[in-house]
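To start, the structure under review is shown below, and the notes come after it.
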Amino acid sequence: MTLTATGRPADQLRAQLPEPRGPLSAAVIDLLRSPAGTAVPAGLGPDEDDPFGEDLQLALHLCYELHYRSFAGVDDEWEWDPGLLALRRRAEGVFLGALRSATQGGTDVTAELGALLVEPADGDGISHRLRDRGDWTWMREYLVHRSIYHLKEADPHAWAVPRLQGRAKAALVAVEFDEFGGGHARQMHSRLFEDLLTGAGLDPGYLRYLDVVPAPALAVVNMMSLFGLHRSLRGALVGHFAAAEITTGPSARRMAEALRRLGAPEECVRFYTEHIEADAVHEQLMRHDVVADLLDREPSLAADVVLGIQATELLEDRLADHLRSCWDRQVTSLRRPLPPSGR
């Protein structure tokens with residue numbers, strides 16, 4: 001039994017495998033419960049008609065998580081199992097093909113980034129709704145959706161570091177250094193989100209809410225992992241990261257205002273106020289150092305950078321549409337309701 005520095009078994013720091021959501025995710029879960037090297041069932045593959053659906057997105061998330069913390073009871077050798085990698089590759093092809101088909105494409109990176117800097121005067125984004133009329137039910141649901149990424153915040157982008165050179169590499173490392181707390185574990189953005197969840201009466205455990213988060217939220221995180229794990233998609237990862245850093249500051253300000261309006265404790269607000277300050281700097285580094293230097297060195301990556309920007313907008317819009325639709329109908333945006341918060 002492997003013990004951690006705290007003396008606890010390593011598996012206690014890993015999430016449990018979730019419930020399946022269809023034949024593909026069920027097969028992946030069955031494999032991960034088996035010894036590494038177990039043959040992948042013949043003929044198993046993704047549903048090409050539902051690239052953003054629950055089954056494919058959960059299956060991809062399960063495969064990608066093997067490169068992060070994995071799951072309790074899963075053999076670490078599954079991470080590089082050829083059969084599982086081949087299955088993942090087929091699922092990735094469906095997902096990536098859908099992202100390319102659903103975005104406009106192009107090579108004008110400057111125009112794409114410039115459009116992100118324009119804040120609509122009458123915005124109806126999720127942060128606007130939460131700031132103006134959200135209640136604790138909406139807020140807690142939103143935090144649960146975001147927990148799938150924020151508890152591993154900046155990890156997917158770290159894969160870009162060895163794939164960049166010169167100024168782009170140095171600037172991206174500077175951004176990541178801030179994301180990881182400037183060398184202080186308690187200041188890591190993932191740790192600040194743990195504090196936020198605790199302050200909101202939610203479970204801060206890693207992937208504790210994987211079973212209740214639907215496909216639109218999983219797809220956002222899967223996109224990051226897809227771009228990060230493939231060197232050929234390094235331009236898309238940089239485009240995504242730049243888009244995220246440009247748009248996070250204004251939305252973080254609205255989220256801080258929403259939490260204060262709801263009377264949230266300071267440990268909830270702090271996660272977002274930290275992003276207001278940090279991302280104002282990160283935006284400049286990403287646009288003028290990372291993206292600019294990458295394209296100076298490799299101008300052929302412009303289309304991939306645009307893909308990363310547009311895919312981020314596409315999937316964030318899909319998640320926002322899901323939340324708005326559910327909340328307008330007064331039903332939960334999760335796969336099942338959360339217990340009452342007591343607030």
Side-chain angles (χ1 to χ4, degrees), residues 14-102 144-149 151-152 155-156 159 206-230 232-233 236-237 240 311-312 314-315 318-319 322 334-336:
R14 298 182 177 187
Q16 298 296 315
L17 284 165
E19 300 168 356
R21 302 184 192 180
L24 183 62
S25 57
V28 172
I29 290 169
D30 285 345
L31 285 169
L32 296 181
R33 286 178 173 149
S34 304
T38 300
V40 175
L44 182 64
D47 181 356
E48 297 188 14
D49 293 329
D50 196 13
F52 301 118
E54 298 289 345
D55 192 30
L56 189 144
Q57 290 301 321
L58 179 60
L60 272 178
H61 198 276
L62 291 165
C63 292
Y64 288 145
E65 183 56 33
L66 301 177
H67 300 288
Y68 295 101
R69 299 190 196 179
S70 190
F71 295 94
V74 172
D75 189 334
D76 284 342
E77 292 300 312
W78 274 117
E79 181 181 9
W80 298 111
D81 180 82
L84 187 58
L85 287 174
L87 176 62
R88 191 192 88 190
R89 184 64 171 167
R90 294 195 293 274
E92 285 179 325
V94 172
F95 184 38
L96 181 58
L99 292 176
R100 292 191 187 279
S101 296
V144 165
H145 283 285
R146 292 304 191 186
S147 70
I148 305 301
Y149 168 63
L151 292 177
K152 60 163 64 81
D155 287 352
W159 280 311
Y206 184 78
L207 292 185
R208 288 293 193 271
Y209 292 108
L210 182 56
D211 263 328
V212 303
V213 169
L218 296 184
V220 174
V221 188
N222 285 342
M223 171 193 64
M224 301 180 203
S225 298
L226 169 65
F227 293 163
L229 283 166
H230 292 274
S232 62
L233 293 171
L237 182 63
H240 152 71
T312 301
L314 169 73
L315 295 182
R318 287 178 61 87
L319 175 58
H322 170 75
L334 300 170
R335 299 182 68 239
R336 54 178 176 264

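- Taking CG of Leu60 as the start and CG of Leu226 as the end, the distance is 8.0 Å to the nearest 0.5 Å.
- Listed by chain and residue number, nothing satisfies the salt bridge (Lys or Arg N to Asp or Glu O under 4.0 Å) test with Arg318 (two or more places apart in sequence, or in another chain).
- For the atom pair CG of Asp81 and CG of Asp75, the computed distance is 9.5 Å after rounding to the nearest 0.5 Å.
- The two residues Leu84 and Cys63 make their nearest non-hydrogen contact at CD1-SG, 4.0 Å.
- Two residues are said to be in side-chain contact when any heavy atoms from C-beta on lie closer than 4.5 Å; Leu24 and Leu87 meet this criterion.
- Residue pairs meeting the salt bridge (charged side-chain N to carboxylate O under 4.0 Å, His left out) criterion with at least one partner in residues 57-68, sequence neighbours excluded, are Glu65-Lys152.
- Partners of Arg88 according to the side-chain hydrogen bond (donor to acceptor under 3.5 Å, both in side chains) rule, which considers only residues two or more places apart in sequence or in another chain, are His67, Glu92.
- Identified under the ring-ring contact (aromatic ring centres under 6.0 Å, His included) test for residues 39-65, with sequence neighbours left out: none.
- Proximity of Leu96 to Leu233: side-chain heavy atoms (C-beta onward) are separated by under 4.5 Å at one or more points.
- Contacts of Tyr68 classified as ring pair (Phe, Tyr, Trp, His ring centres under 6.0 Å), with partners at least two apart in sequence or in another chain: Trp159.
- Between atom CZ of residue Arg21 and atom CZ of residue Arg335 there is a gap of 4.0 Å, rounded to the nearest 0.5 Å.
- With sequence neighbours excluded, the residues satisfying side-chain hydrogen bond (donor to acceptor under 3.5 Å, both in side chains) with Thr312 are His240.
- Not counting sequence neighbours, the partners of Asp76 by the side-chain hydrogen bond (donor to acceptor under 3.5 Å, both in side chains) test are Arg14.
- The shortest non-hydrogen separation linking Leu62 to Ser25 is CD1-O, 4.1 Å.
- Looking at every heavy atom in both residues, Leu56 comes nearest to Val94 through CD1-CG1, 3.8 Å.
- Contact record, Ala15 with Leu207: CB-CB, 3.6 Å, taken as the closest heavy-atom pair.
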Contacts table for residues 28-47: side-chain donor-acceptor under 3.5 angstrom, sequence neighbours left out:
from: Ser34; atom 1: OG; to: Asp30; atom 2: O; distance (Å): 2.8
from: Thr38; atom 1: OG1; to: Pro35; atom 2: O; distance (Å): 2.6
from: Asp47; atom 1: OD1; to: Asp49; atom 2: N; distance (Å): 2.9

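- Rounded to the nearest 0.5 Å, atoms CG (Leu99) and CZ (Phe227) are 5.5 Å apart.
- For the pair Ser101 (side chain) and Ala98 (backbone), a donor-acceptor distance under 3.5 Å is absent.
- Residue pairs meeting the salt bridge (charged side-chain N to carboxylate O under 4.0 Å, His left out) criterion with at least one member in residues 212-226: none, sequence neighbours excluded.
- Between Glu48 and Arg90, every side-chain heavy-atom pair lies at or beyond the 4.5 Å cut-off.
- Pairing each heavy atom of His145 with each of Pro214, the nearest pair is CE1-CD, 3.3 Å.
- The side-chain hydrogen bond (donor to acceptor under 3.5 Å, both in side chains) contacts involving residues 214-223 comprise Gln57-Asn222, where partners must be two or more places apart or lie in separate chains.
- Here the shortest heavy-atom pairing between Phe95 and Pro51 reads CD1-O, 4.1 Å.
- For Glu19, the side chain to side chain contact (heavy atoms under 4.5 Å, CB included) partners at least two apart in sequence or on another chain are Asp211, Arg336.
- In terms of the side-chain hydrogen bond (donor to acceptor under 3.5 Å, both in side chains) criterion, Asp155 has no residue partners (sequence neighbours excluded).
- Separation of atoms CG (Leu66) and CH2 (Trp78) is listed at 9.5 Å; rounding is to 0.5 Å.
- In this structure, Tyr149 and Pro156 have side chains that are in contact, with non-hydrogen atoms separated by less than 4.5 Å.
- Of the inter-residue distances, the one linking Met224 atom CE with Leu229 atom CG reads 13.0 Å to the nearest 0.5 angstrom.
- Side chains of Asp55 and Pro23 form a contact here, defined as non-hydrogen atoms less than 4.5 Å apart.
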